[in-house]
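To start, the structure itself, in structure tokens.
Scope of the values below: all heavy atoms of this structure, side chains included, with no hydrogens, waters or symmetry mates. Residue numbering restarts at 1 for every chain, and letters A, B, ... go by the order of the sequence lines.
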Amino acid sequence: MADEKKIAVEKKIGAYICNGCGIGERLDSSQLETTAKRDGKAAICQQHDFLCSEAGVKMIQDDIDNEGVNRVVIAACSRRAKTEAFAFKDVVVIRSNLREGVIWVRPDEDDQRETTQEMADDYIRMGCAEAKYANIPSASGQQSVNKNILIAGGGISGMTAALEASKAGYPCTIVEKSSALGGATAQLYKKIPTRAPYADPEDTGVDAMIAAVEADSNITVFLNSTLTNTAGAPGRFTADISTESGSTETKEFGAIVQASGFTPYDANNLPEFAYGKNKDVVTQMELEALAKTANGGAIKRPSDGKEVSSVLFIQCAGQRSTKAGHLEHCSGYCCSASIKEAMYFKDQNTAIDTTVLYTDLRTPGAGGENFYRSGQNKGVIFTKGIASEVVDGANPTVKFKDLILDEDVSMEVDLVVLATGMVANAGQPTRAEITLSENEAKEAGTEYKVSVESILNLDYRQGKDVPHMTNGFADSHFICFPYETQRTGIYTAGPTRRPMDTRQAMDDATGAAMKAISEAENAGLGKAAHPRVADLSFPSFRQEGCTQCKRCTVECPFGAINETEDGYPEFNESRCRRCGTCMGACPVRVISFENYSIDTVGQQLKAVDIPDEFDEKPRILVLACENDAYPALDMAAQNRLEYSAFTRIIPVRCLGSVSLSWITDSMNSGYDGVILMGCPSGDDYQCHFVKGSAMAQERMSKVGDTLETLSLEKERVQTYEISITDIQKVPQLINEMAETIEKIGMSPFKF
Amino acid sequence: MSKEYSFYPGCSSQEGASSSNYLKSVQSMCDVLDIKLNVIPDWNCCSASIGYCGGGELPRLALSARNIALSEKHNQGQDIVATCAACWLATKETQERLDDDAGLMDETNQALAEAGLKIENKTKIRHMVEVLIEDIGYEEMGKHVSKPLDGIKIAGYVGCQTNRPFGIEGESFENPKYLDKFIETLGAEPVEKYDKKVSCCGGALAFSEPEKSQALIKDIIEAAYDGGADMIVTPCPVCQMNVEVYQDKINATYGTKFNMPVTYYSTLMSVAYGKNSKQSGLNGQIIKAKKLEEVASK
Amino acid sequence: MSNLNTGMVEKYRNNFLNEVEANVEEGEWVKMCMQCGVCSGSCPLGPYWDHPPQELFMMIRAGKREEVLESTSMWMCTSCYNCLVRCPRELPITHIMHGLAHYATRLGIEPKGQPTRQFAQLFWDNLAKNGRVNELWLGVNLYFMNGFVNGIKVAMGMAGIGLGMYKSGRLSIKELIGGHTVKDKSGFKAMIKKAQELESARVDK
Amino acid sequence: MSDIVATNQTILVVGGGISGMTAALEAAEIGKQVIVIEKSPSIGGRVTRLYKYFPKLCFPTCGQEINQRRMAANPNITVLTMAEVTDLQGDAGNYTATVKISPRYVNANCTACGDCASVVEAELDDPHNYNMSKHKGAYLPHNMAMPKRYVLAPEIIATDDAEKAKAACKFDAIDLDMQEETLELKAGAVVWATGWRPFDAAKIQPYGYDRIDNVISSVEFERMMDPFGPTGGKLVRPSDGKEAKNIAFIQCAGSRDRNYLKHCSRICCMASLKQSTYVTEKFGDEADVSIYYIDIRAIDRFDNFYQRVKENPNVTFIKSKVANIVENKKNGNPVLNGVNVEGYHRYANEHDMVVLAVGMQPSVDKNAFPIELKLNDEGFIESDEANGGIFAAGCSADALDVNRAVQSATASALKAIQVVNRVAQAEG
């Protein structure tokens with residue numbers, strides 16, 4: 001289908017050379033014009049002294065309107081500059097970077113004019129080559145806008161997401177596993193205050209919220225129901241909603257909010273605190289139940305119904321600990337929760353002794369600190385110490401080290417409350433993780449079974465649920481983009497995403513609803529989601545060439561690609577983030593995008609003029625990630641940092657999209673060195689496409705062999721992890737390559 | 001027309017008491033600035049900050065309450081002005097506590113009734129320094145200088161209780177600048193970055209814990225010498241006494257050679273205003289302030 | 001349970017805290033301390049405190065009644081108010097120290113020989129007698145507070161200072177007989193007496 | 001400017017920091033008309049002054065690049081820089097904002113070629129570096145500035161410098177006659193995202209920020225790491241330019257303190273933990289970091305980062321609010337006095353340099369809002385019906401880290417969309 005298009009449209013290249021910002025003084029623009037016409041096959045080539053001015057832009061627009069130019073090559077500044085001015089519609093716009101890419105990184109000296117000019121000529125050739133092979137992307141037309149939002153979970157987060165989305169005019173469907181809405185919050189007596197003066201526990205407001213949900217004709221609720229199968233993609237998700245009774249209904253959705261909440265940490269893992277042994281050792285959640293029963297009256301303890309006259313809260317019980325079976329993370333809300341619960345006692349009877357045993361009291365923000373102060377004011381005693389043991393007895397006795405008074409003491413109380421943390425209900429691990437565990441199990445001679453139930457039962461090749469992040473939460477890895485999961489159009493909210501209290505969960509769910517709405521709308525128009533927002537291109541492949549090696553389906557960072565029954569990849573473009581990792585993965589080069597393909601890059605590097613060996617003019621190809629490395633190169637130029645005149649830079653969507661064929665082609669066509677610049681990988685990866693750069697590095701690790709077969713030195717190909725701030729580093733790396741080439745000599749592959 | 005205030009001199013300012021020279025210089029200073037001080041009739045001790053052992057909270061509050069009540073009775077409508085830091089602080093604190101706590105106010109009035117008094121607690125309690133800065137002003141203070149204290153370098157030692165917890169409006173607890181401004185206004189040179197400016201001299205503990213206190217005092221004097229000071233000036237009788245009188249003992253203990261005069265701001269002002277040595281209370285110096293004597297005798 | 005443990009049982013109960021809140025000047029603030037320690041670090045005589053203020057507050061919460069009240073710590077307070085102005089939680093620490101010292105004295109379990117304790121008592125007795133402080137007697141009493149012989153030593157040691165004060169007219173022999181006093185002595189004393197009664201009524205109930 | 005179209009279906013975003021940008025993008029990307037009002041010459045806000053983010057230790061500009069690209073590509077967003085909302089009238093679905101725009105003296109012709117800067121001589125304090133360094137009187141706010149357009153500082157207007165700059169510009173981009181403008185803009189909903197400012201460290205008198213050279217604030221320390229910052233990426237102390245390897249971080253510098261900011265600013269603990277890694281990375285085993293704290297507030301997954309830092313033997317944690325700082329006059333070292341309350345240990349510790357982890361203060365003073373809003377004592381905007389169609393985003397709502405600020409901003413975008421959608425329905 002994509003190929004037909006290529007033939008269908010007659011391509012007409014217009015090249016436009018700017019003489020502003022010193023380009024005119026530094027370069028021979030008439031020669032550039034010749035290059036564009038002769039080598040670049042530009043039908044039209046015009047110069048302008050101030051191309052980004054209204055007049056300059058009009059000049060180009062006129063050619064588009066009157067001369068049928070549909071491939072516009074702007075030979076001026078970087079693609080990161082003047083983007084608004086050069087945003088021409090319905091044509092391919094290519095930027096040949098003569099300012100940041102050439103004159104700003106080269107000294108203005110006569111003896112440099114020749115090489116600088118060659119640089120510029122090449123960028124014109126490259127621009128025209130790309131223009132020749134790039135097409136105007138358009139949505140496949142496969143989608144249609146579906147405004148329905150599916151919400152997995154009917155707790156405070158799920159209900160908030162539903163109510164907020166509904167207020168904006170988007171119909172929602174809540175699928176709740178249990179027999180009632182309300183989730184964990186419904187089990188609370190009161191909640192941590194959400195408004196000034198943040199001094200007292202507040203009513204949970206759950207009932208009012210449930211009423212609001214039920215009253216909202218825009219919200220459908222399925223109770224006692226689970227998602228037994230979720231297929232499709234943003235804009236066209238189909239979900240099987242099955243009730244306990246067995247009946248199943250299939251509905252279509254535009255996007256999904258997963259608000260599956262948390263499970264309280266199992267205190268049975270804490271024998272040291274006599275939990276399970278002594279009835280009067282309870283968890284925070286269990287205390288809520290006691291408080292509910294008391295309903296403002298005296299709280300009675302479980303063992304003998306005695307009115308509690310002294311209670312001690314052990315913070316971080318089984319949390320912030322690397323001990324086996326404990327939670328490594330801090331659950332964030334427990335400090336405030338204990339203050340709140342201590343107030344249950346103090347507000348009822350100030351004579352009750354309430355002690356909170358903590359190591360770091362964590363009540364951040366304005367509300368938090370006010371609540372802490374209010375707790376103290378009500379007589380709650382805060383003791384910095386670490387509990388070692390709870391001794392069973394008629395009354396539990398807590399042994400602890402008082403870190404302030406620096407002594408080991410013990411205290412007998414009527415009731416001990418354990419502030420245990422949150423375990424995310426994030427569903428099953430990814431298929432890759434499962435396979436790993438399966439193999440381990442095999443080695444151990446045991447059988448591995450996935451203990452956790454799936455939440456979404458995604459019909460995705462890479463697994464049934466959203467991949468987990470830190471501590472098993474389905475969190476985003478990105479600080480600037482907290483909602484970005486690795487499953488497009490599925491947004492997690494509330495404690496399944498990261499530990500949080502009711503107030504945060506409600507904010508969080510509102511944001512998740514926003515993201516879901518946005519994706520439902522944009523997927524419907526065939527527009528990509530973050531980070532290539534609004535990109536209409538999507539991968540397509542030549543079936544006849546496909547060897548069904550499945551690499552694309554395995555390597556896609558977003559699990560976008562399924563397999564058809566007959567074993568071919570199925571791209572699900574609205575699940576695709578357009579990074580091109582599949583293209584880079586494909587050994588037979590059959591995957592391409594309309595405006596980004598093996599050719600759009602491959603033809604650029606071939607378009608570069610390679611002087612013969614004895615000219616002593618090496619050529620260094622740089623494939624730079626457009627998100628970080630390329631901006632870094634740009635800013636290096638902005639600061640007038642120089643690098644070798646033999647460099648030719650091609651931005652790529654992600655290093656993951658780099659096809660090995662580009663490396664071999666460049667070697668074969670006589671490049672002396674190739675540098676790949678991608679984002680840092682690893683646990684704290686900065687790759688916007690999660691593992692694109694990691695993939696690239698893995699592939700490049702094998703390139704050495706290829707070079708050997710060509711009897712070329714390994715040093716000729718280097719892969720670097722570059723952050724956008726490596727502004728000073730990037731020119732250095734390039735110049736180092738230039739030096740290396742001087743040492744090891746020119747490539748013999750120049751024809 | 002002269003400014004009138006209800007004056008609370010305090011025990012140490014009494015004739016033959018440790019800061020009688022302070023009172024002397026204050027009176028001279030006030031003549032010049034046309035400030036009229038009406039002593040609170042039959043005023044009593046404020047118990048400073050040390051009466052707490054024998055005296056409980058209420059009895060101590062009653063002491064200052066009595067002074068306020070007497071002032072309200074006899075010097076109606078006049079702000080109470082104290083020259084002693086402890087007196088000012090105790091009275092001001094009493095006013096604050098009674099304002100915050102109706103119960104205490106009531107009990108206090110019950111106690112006062114025994115002395116035939118009642119407290120309204122509406123009188124403004126001020127330190128002489130506040131009067132100078134707020135009611136007189138630096139400019140006016142400068143106008144009266146007839147004998148500028150040229151060439152004298154002075155360390156402005158504010159101490160504790162004139163500075164904390166209330167302090168002087170607009171000044172910081174850690175680095176109040178008003179004494180330095182006084183010094184400049186009078187034509188002398190302040191010691192820059194005098195970093196013991198607000199350090200404690202031991203207060204009443206100079207009596208009960210002499211060694212500990214003298215160690216503190218030593219640092220205060222040392223820092224003044226480091227800053228090239230000819231003398232130290234202070235607004236507080238306790239500071240003045242502690243820093244001045246123990247220098248021999250400190251020299252004996254630490255082998256130092258301290259001989260640093262310690263005077264009151266009011267002493268400086270009297271001298272600068274042309275008053276003679278006696279009127280300026282210079283005869284009250286145990287360590288003679290020679291440079292001031294010279295100016296005074298000009 | 002062993003005696004030791006029964007001893008422990010009372011530990012960390014709020015009894016003593018409640019006692020302090022009820023009976024000690026500004027005692028209701030003790031619970032507001034967040035153990036930052038800025039007070040302890042700000043005290044000019046800090047190094048001489050067995051238990052700095054913030055630790056005393058923790059000890060009160062921990063029910064260490066005797067250890068707190070019998071401590072010499074709060075008697076180290078010079079009333080410089082550094083702690084008070086720096087406290088992020090607005091605790092009137094200076095007053096709480098005075099209050100604890102007074103309460104200990106009222107209970108008769110204060111460290112008797114502690115010099116500041118003795119001076120503070122002398123000072124009060126002195127002013128309570130005439131309504132105004134008689135510095136000479138105060139001095140004399142102070143020097144002799146540890147017995148006559150010692151007193152002579154101290155007096156000799158302080159003689160130079162006394163002399164200097166005398167010469168400069170800042171110490172008057174007149175004070176030995178009579179000296180400064182309030183005129184309405186009876187009214188003054190009645191007032192103090194009443195105040196003490198009212199306070200006792202409050203504290204001892 | 002007059003060509004700006006604003007209706008009751010427009011969303012006004014006040015503040016162009018990461019919260020404002022996020023809210024604007026979320027709304028614009030589902031087709032809403034958005035106008036962003038930014039006070040400074042470039043959008044990006046506080047995060048553009050950060051070197052790294054915790055806990056990933058990644059670089060803020062990385063996300064900025066993506067957001068800026070999204071904004072540049074989105075025709076629904078209008079950005080007004082050097083603009084301030086001076087008045088705001090009306091209620092949900094019908095607001096009128098008065099916006100004052102200060103002259104930039106540089107028009108859209110600017111290509112950011114830098115010719116003007118090269119001829120201007122005047123050098124002025126650079127606010128981007130908290131005035132630790134100077135920039136030219138004609139300047140680009142920073143490498144990532146958006147719009148990528150130079151600014152002429154008002155200080156050089158009517159000086160030769162201004163004329164020189166004008167003469168140097170080949171594109172007639174410099175307009176010295178530019179005047180302050182005032183616009184009236186309609187809006188259906190307002191997202192308030194004016195963010196925070198660092199608490200004035202000089203107010204914390206015991207720490208002598210105003211008296212001791214080698215006592216600096218955490219935001220200043222952050223700038224030191226930037227290779228294009230005031231120290232060219234070196235960790236050196238102000239007094240003598242000596243490398244600062246022994247560094248003390250003082251937590252709650254202005255926060256959790258009735259004398260300054262009552263609230264906990266949330267980010268400061270994590271910021272100091274992050275900054276401690278700057279020191280250990282730069283100096284390895286020669287690094288000697290001390291963190292003085294009351295409570296380490298590394299909540300939820302941040303705690304893993306805290307654990308990681310704790311494992312480093314060159315980082316010490318002292319539970320203590322430092323009492324005061326004095327200067328060792330001999331070597332300029334700050335000396336910290338206080339008590340480690342875990343067992344009562346008195347200290348007088350000398351360090352090369354002290355970093356005050358200053359708190360977060362709402363940028364807009366309580367009484368300076370152009371319209372009445374429900375605020376809490378701390379000056380943050382409460383989420384309250386009474387605020388009608390005005391929704392706080394990011395640090396206008398509470399002391400938040402970047403991650404939570406963006407969450408908050410995303411939520412506020414939906415709240416604003418709800419209002420303009422109601423308007424759209426009503427208007428049919």
Side-chain angles (χ1 to χ4, degrees), chain B residues 11-12 14-21 42-45 47-59 61-63 66 107-108 110-117 160-161 163-165 167 173 199-205 207-209 212-213 216 241 245-246 248-249 283-286, chain C residues 25 44-45 48 76 78-82 84-86 94 98-99 101-102 105-106 110 115-121 123-125 127-128 131-133 135 138-139 142 157 160-161 164-165 167-172 174-175 180 182-184 187-188 190-196 198-199 202-203:
Chain B
C11 302
S12 64
Q14 301 170 96
E15 190 202 332
S18 56
S19 64
S20 43
N21 55 330
D42 205 35
W43 57 268
N44 56 258
C45 174
S47 94
S49 316
I50 193 68
Y52 57 78
C53 179
E57 183 181 12
L58 189 59
L61 291 171
L63 291 174
R66 180 172 178 275
E107 288 185 333
T108 307
Q110 289 181 49
L112 285 172
E114 298 290 317
L117 292 165
C160 299
Q161 297 195 339
N163 186 44
R164 295 179 300 264
F173 293 136
S199 301
C200 181
C201 67
L205 273 67
F207 295 105
S208 52
E209 299 278 5
K212 299 185 179 72
S213 305
L216 301 174
M241 172 155 166
V245 305
Y246 298 108
D248 288 351
K249 294 193 75 62
N283 54 349
Q285 296 297 123
I286 292 170
Chain C
E25 180 174 358
L45 291 189
Y48 305 105
M76 291 292 156
T78 65
S79 309
C80 76
Y81 288 82
N82 254 323
L84 184 144
V85 297
R86 285 179 188 168
T94 312
H98 295 171
H102 175 76
T105 312
R106 174 182 286 274
E110 83 282 19
T116 303
R117 182 258 158 215
Q118 287 175 302
F119 177 64
Q121 188 62 52
F123 189 94
W124 175 259
D125 299 343
L127 78 90
R132 294 189 187 176
V133 165
E135 290 179 342
L138 183 60
L142 176 67
I161 289 163
M165 298 288 284
K167 286 204 193 126
S168 59
R170 290 161 60 180
L171 190 60
S172 163
K174 280 199 233 118
E175 294 278 310
H180 298 291
V182 292
K183 292 187 203 67
D184 177 21
F188 176 82
M191 172 188 81
I192 298 293
K193 187 160 170 294
K194 181 71 177 173
Q196 281 166 335
L198 287 167
E199 189 158 86
R202 198 175 351 116
V203 174

Under 4.5 Å from any heavy atom of chain C, what part of [X] do you find: side chain, backbone, both or neither?
X: B:Q161; value: side chain
X: B:D248; value: neither
X: B:L216; value: side chain
X: B:Q285; value: backbone
X: B:L205; value: side chain
X: B:L117; value: neither
X: B:S12; value: both

Do you know which of [options] has the most heavy-atom pairs with chain C at a distance under 4.5 angstrom?
options: B:G203, B:C160, B:G284; value: B:G284
options: B:S49, B:C201, B:A204, B:C53; value: B:C53
options: B:A48, B:C200, B:G116; value: B:C200

Quiz prompt | B:E114 side chain to B:A111 backbone, donor-acceptor under 3.5 Å | solution = no

Quiz prompt | Polar side-chain atom of B:Q14 near backbone of C:H180 as donor-acceptor pair, under 3.5 Å | solution = no

If you count heavy-atom pairs under 4.5 Å with chain B, which of [options] comes out on top?
options: C:G131, C:C80, C:G169; result: C:C80
options: C:T78, C:L84, C:V182, C:T105; result: C:V182
options: C:H98, C:Q121, C:K194, C:R86; result: C:H98

Quiz item: Is chain B contacted by the side chain of C:L45, its backbone, both, or neither, given a heavy-atom distance below 4.5 Å?
Solution: side chain

Exercise. Kindly indicate, with the supporting measurements, whether the criterion side chain to side chain contact (heavy atoms under 4.5 Å, CB included) is fulfilled by B:S20 and C:R170.
Key: CA-CA 6 Å; B:S20 43; C:R170 290 161 60 180; 3.8 Å; yes

Quiz prompt | Heavy-atom side-chain contact between B:S19 and B:M241 under 4.5 Å | solution = no

Quiz item: With side chains defined as the heavy atoms from C-beta onward, is the minimum distance between B:C45 and C:F123 less than 4.5 Å?
Solution: yes

Self-check item: Contacts of type ring-ring contact (aromatic ring centres under 6.0 Å, His included), residue C:W124, not counting sequence neighbours
Solution: none

